[in-house]
Amino acid sequence: MTNGQIPKKMRLGSNEDDFYQRLQQQRRSLPIHPARGRLIHEVQRHSSVIVIGETGSGKTTQIPQYLYEAGLHRNAVIAVTQPRRVAAITISKRVAQEKKTELGHLVGYCVRFEDVTTDSTKLKYMTDGMLLREAILDPLLKRYSVVILDEAHERTIHTDVLFGVVKAAQRQRAEQGLKHIKIVVMSATMDVDHFSKYFNNAPVLYLEGRQYPIQVFYSVEHQTDYMFASLVTLFQIHKKEPAQKDVLIFLTGQEEIESAVKSIRDIAKEITGAPNLVVYPLYSSLPSFAQMRVFQPTPEGCRKVVVATNIAETSVTIQGIKFVIDSGMVKAKVYNPNSGLDLLKVVRVAKDQALQRTGRAGREAPGICYRLYTEDEFETFSNTTVPEIQRCNLASVVLQLLAMHITDVAAFDFMDKPSPEAVKKALEQLELLSAVEKRERYKLTPLGRQMAAFPLDPRLSKVILTAKDFQCLEEILTIVSVLSVDSVLFTPPNKQWCHENFIDMRNMKTAQEVRRQLKEICERQELPIQSCGRDTVPIRKCLAAGFFMSAAELQREGEYVTLSTRKVVSIHPSSVLFRCKPGYVLYNELTQTSKCYMRDLCVIDAEWLYDTAPNYFRNKKPGR
DNA sequence: GAGCACTGC
């Protein structure tokens with residue numbers, strides 16, 4: 001999809017009807033159009049259908065319309081889920097245009113902080129996380145007659161949980177004699193059998209796309225320095241290829257990308273007899289005005305080079321890319337459930353990810369992809385990226401499943417199960433927070449049910465719900481909001497001039513919106529929003545109630561050990577507590593870099609830990 | 001005395 005806006009040129013000199021006619025003509029010329037009848041037929045006959053379509057097939061905009069036009073919505077709502085907010089919003093805008101209706105009526109969207117739907121909305125584009133949240137209130141998804149799960153191959157944690165939730169809703173609605181629900185899974189994967197089997201051997205429809213052929217070249221030898229190799233490759237292309245043929249380079253992170261951009265600009269100055277280069281970095285923490293630069297059309301006689309993270313694999317699509325240079329590396333978060341330790345590590349991509357990168361070269365014309373690894377090396381890459389649900393903390397997901405009355409989470413029908421240890425760990429954490437209790441089975445406590453209403457890590461929900469006992473919810477709402485978004489403190493990549501007051505506006509605005517949302521939920525739960533003034537004790541006691549399992553104790557030698565696993569840790573140099581030596585601290589996060597660092601700290605008294613979790617600390621003896 | 005892949009509720 002493009003950005004869903006109507007190009008200005010199209011509007012000028014043509015009246016509204018012409019515009020609409022042209023849209024309809026475009027619809028009919030999409031590669032998916034000939035499959036319309038078959039698709040409707042299959043969805044009528046089967047309760048679940050898998051649709052495999054390459055990019056550019058038009059499946060995301062057209063299939064929901066086809067089903068609606070065939071009356072398959074049966075006067076209820078067709079939900080179409082997307083992993084990303086922007087996609088949900090822009091696609092719904094496009095479909096509203098095609099349906100010639102105002103957005104929010106027949107066609108609408110629903111993402112966090114924004115619900116553009118009405119009672120008349122029948123085609124509802126939404127994020128997968130949003131539908132999952134709705135399922136907590138209504139596990140049978142009664143408002144929906146069809147659920148379309150798009151981009152299923154991305155296997156986000158939300159999509160994976162939704163697979164099980166919609167499948168269960170389908171079965172239970174049938175058992176209870178309620179109106180049936182159709183499931184359509186749309187994916188670009190080649191692992192079709194896996195999807196089909198999971199959905200009771202659902203039929204598979206293959207759609208043609210509009211992907212142009214791409215030639216793939218591998219390195220002849222193993223590359224020890226992919227940064228260097230990417231520069232060499234770029235300038236080989238640059239010297240022989242005509243201008244306007246743009247290049248996209250995949251590297252791993254901000255620092256690497258900024259340094260590559262600088263090198264490219266420096267080298268380009270020395271080169272004569274080749275087109276001018278315009279070079280742009282692209283990564284998510286880049287301010288959006290800087291991200292937008294990559295969309296500027298390449299000036300006449302120039303070549304555009306974009307050096308990007310994996311943001312350019314799916315989230316950002318750049319027109320005019322002819323060459324892709326793939327380092328074969330990606331920076332990924334590695335989570336260790338036992339130590340609770342996070343670390344960012346540069347690792348090999350999987351084959352599916354390499355394929356996705358390659359595909360970025362053939363969106364408008366045939367392209368070429370240079371892989372900076374040998375074909376033999378490629379063969380050793382794993383086939384698919386491990387689904388998110390198998391590599392992160394499950395506390396939040398398990399709480400949500402319990403809130404949907406799924407009592408045996410370990411036996412839940414996941415397409416790919418998380419490890420039993422990870423589920424056990426999550427249940428233990430929830431038990432420590434008093435969100436669940438173990439009888440014969442784990443059961444949600446009233447506190448746990450309240451916690452599930454918050455779109456937060458359970459530790460943060462617990463902090464909020466503790467605040468009413470300490471009359472400090474006003475302050476806690478702010479602290480929790482800031483803790484639940486990316487850092488609101490801005491570190492300029494080049495430290496020449498600190499004109500932004502070191503505040504990241506985007507993240508600060510998100511924190512504001514989060515606070516507004518959390519406050520609403522608190523008001524609905526009738527929690528009194530009171531302030532404790534300048535006294536920080538009640539605030540820190542609340543934080544202790546949610547984070548007591550993330551506490552560390554100062555040792556005689558001047559270092560810290562965690563109370564949970566006796567791991568040696570240090571205060572991060574960016575903390576205001578660096579060089580201070582408080583006896584006890586709570587931390588939000590452990591990050592392994594040159595040392596194991598605690599981030600986002602709070603000074604506490606050992607006594608508070610006993611007070612808030614006496615059983616947990618009985619054998620750990622902080623301060624005794 | 002430091003180094004921040006990407007999403008989402």
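Proteins come first, then strands; the chains are lettered A, B, ... in the order of their sequence lines, and each starts at number 1.
Residue A:Glu134 contributes atom CD, which lies 15 Å from atom C1' of B:dG8 at whole-angstrom precision. Atom CD of A:Gln517 is separated from atom P of B:dG8 by 14 Å (rounded to the nearest Å). Rounded to an integer number of Å, the gap from CD1 of A:Ile311 to C1' of B:dT7 is 10 Å. Residue A:Glu313 contributes atom CD, which lies 9 Å from atom C1' of B:dC6 at whole-angstrom precision. The CG atom of A:Leu601 sits 14 Å away from the C1' atom of B:dA2 (whole-angstrom rounding). To the nearest angstrom, P of B:dC4 lies 16 Å from CG of A:Asp504. Between the CZ atom of A:Arg391 and the P atom of B:dA5 there is a distance of 16 Å, given to the nearest Å. If you take CD of A:Glu154 and C1' of B:dT7, they are 9 Å apart, rounded to a whole angstrom.
Residue-level contact check: A:Arg112 touches the bases, meaning some heavy atom is under 4.0 Å from a base atom. Heavy atoms of A:Thr593 sit under 4.0 angstrom from primed sugar atoms or phosphate atoms, though from no base atom. Counting non-hydrogen atoms under 4.0 angstrom, A:Ser487 reaches nothing in the nucleic acid. Residue A:Tyr597 is classed as a sugar-phosphate contact, given heavy-atom separations below 4.0 Å to backbone atoms only. Using a 4.0 Å heavy-atom criterion, one finds that A:Val111 contacts the sugar-phosphate atoms exclusively.
When distances run from any side-chain atom of A:His572 to the nucleotides B:dC4, B:dC6, B:dG3, the shortest one goes to B:dG3. Considering only the side chain of A:Gln254, B:dA5 comes nearest among B:dC9, B:dA5, B:dA2. For A:Lys331, counting side-chain heavy atoms from C-beta on, the closest listed nucleotide (B:dA5, B:dC9, B:dT7) is B:dA5.
Remark: A:Lys124 is not positioned above the aromatic ring of A:Tyr109, lacking an NZ or CZ atom under 6.0 angstrom from the ring centre and at most 45 degrees off the axis.
Inter-residue side-chain proximity for A:Val80 and A:Gln82 is flagged as met; some heavy-atom pair is nearer than 4.5 Å.
In terms of position along DNA chain B, the nucleotide closest to A:Pro573 lies nearer the 5' end than the nucleotide closest to the other residue of the pair A:Pro573 and A:Arg85. Mapping A:Asp457 and A:Gly253 onto DNA chain B via the closest heavy atom, the residue that lands nearer the 5' end is A:Gly253.
Residues satisfying the side-chain contact (heavy atoms from CB on, under 4.5 Å) test with A:Thr118, not counting sequence neighbours, are A:His105, A:Ser120, A:Thr121.
Taking side-chain N and O atoms only, A:Thr127 has a distance below 4.0 Å to OP1 or OP2 of B:dC9. OP1 or OP2 of B:dC6 lies within a sub-4.0 Å distance of a side-chain N or O belonging to A:Ser284. Taking 4.0 angstrom as the limit, A:Thr252 places none of its side-chain polar atoms (N or O) nearer than this to OP1 or OP2 of B:dA5.
The aromatic rings of A:Phe381 and A:Tyr373 lie tilted to each other, with the angle between the two planes from 30° to 60°.
Here the options are A:Arg348, A:Arg357, A:Arg360, the test is salt bridge (Lys or Arg N to Asp or Glu O under 4.0 Å), and the partner is A:Asp326; only A:Arg357 passes.
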Enumerate, atom names and distances included, each donor-acceptor pair closer than 3.5 Å involving a side-chain atom of residues 519-526 of chain A, sequence neighbours excluded.
{"residue": "A:Gln525", "atom": "OE1", "partner": "A:Gln450", "partner atom": "NE2", "Å": "2.9"}
{"residue": "A:Gln525", "atom": "NE2", "partner": "A:Gln450", "partner atom": "O", "Å": "3.1"}

